[in-house]
Amino acid sequence: MEDEMCSGRNWREVKAEAHRLYPELANPQRQAAADAQLDAYVADHRPEDLRESVGKTQSEVDVERSCFPV
């Protein structure tokens with residue numbers, strides 16, 4: 001039974017295959033552009049915007065947080 005649970009590939013194998021299939025992923029300029037794109041996406045979805053999109057006030061969010069501390 002234990003052998004069945006360990007039949008997956010490890011991260012090094014997956015990463016090596018990805019680099020073989022898509023060598024451009026290792027390009028530092030491409031990585032920097034992807035990082036900048038992700039940062040811009042995250043900046044466009046600030047917590048305030050997300051809260052407002054679900055129609056909650058800051059007070060409601062504070063009450064919910066106090067009920068479920070992290």
Side-chain angles (χ1 to χ4, degrees):
M1 190 65 115
E2 190 173 321
D3 291 336
E4 291 176 18
M5 293 180 68
C6 296
S7 63
R9 299 185 304 166
N10 69 38
W11 177 242
R12 278 175 265 148
E13 292 171 350
V14 173
K15 188 174 180 180
E17 181 180 353
H19 283 282
R20 274 194 311 278
L21 295 173
Y22 307 102
E24 69 275 9
L25 293 176
N27 181 319
Q29 291 173 332
R30 182 182 171 104
Q31 290 174 346
D35 288 344
Q37 184 179 11
L38 178 61
D39 289 345
Y41 177 82
V42 170
D44 284 343
H45 294 84
R46 298 182 310 264
E48 178 183 351
D49 296 335
L50 295 173
R51 175 184 53 77
E52 290 174 355
S53 73
V54 294
K56 295 201 178 213
T57 65
Q58 185 62 53
S59 296
E60 291 170 326
V61 172
D62 291 341
V63 168
E64 289 176 5
R65 274 196 198 139
S66 68
C67 294
F68 303 102
V70 179

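Nothing here was measured: the structure is a model prediction, and the numbers come from that model.
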TODO: Please list all pairs passing the side chain to side chain donor-acceptor pair (under 3.5 Å) test where one or both residues lie in residues 12-23, with sequence neighbours left out.
DONE: R9-E17

Task: Which residues share a side-chain hydrogen bond (donor to acceptor under 3.5 Å, both in side chains) with E52, sequence neighbours left out - done: none

TODO: Quick one: which residue pairs count as a side chain to side chain donor-acceptor pair (under 3.5 Å) with a foot in residues 25-42, not counting sequence neighbours?
DONE: none

- [ ] Just jot down the side-chain contact (heavy atoms from CB on, under 4.5 Å) partners of S59, sequence neighbours excluded, or say none.
- [x] T57

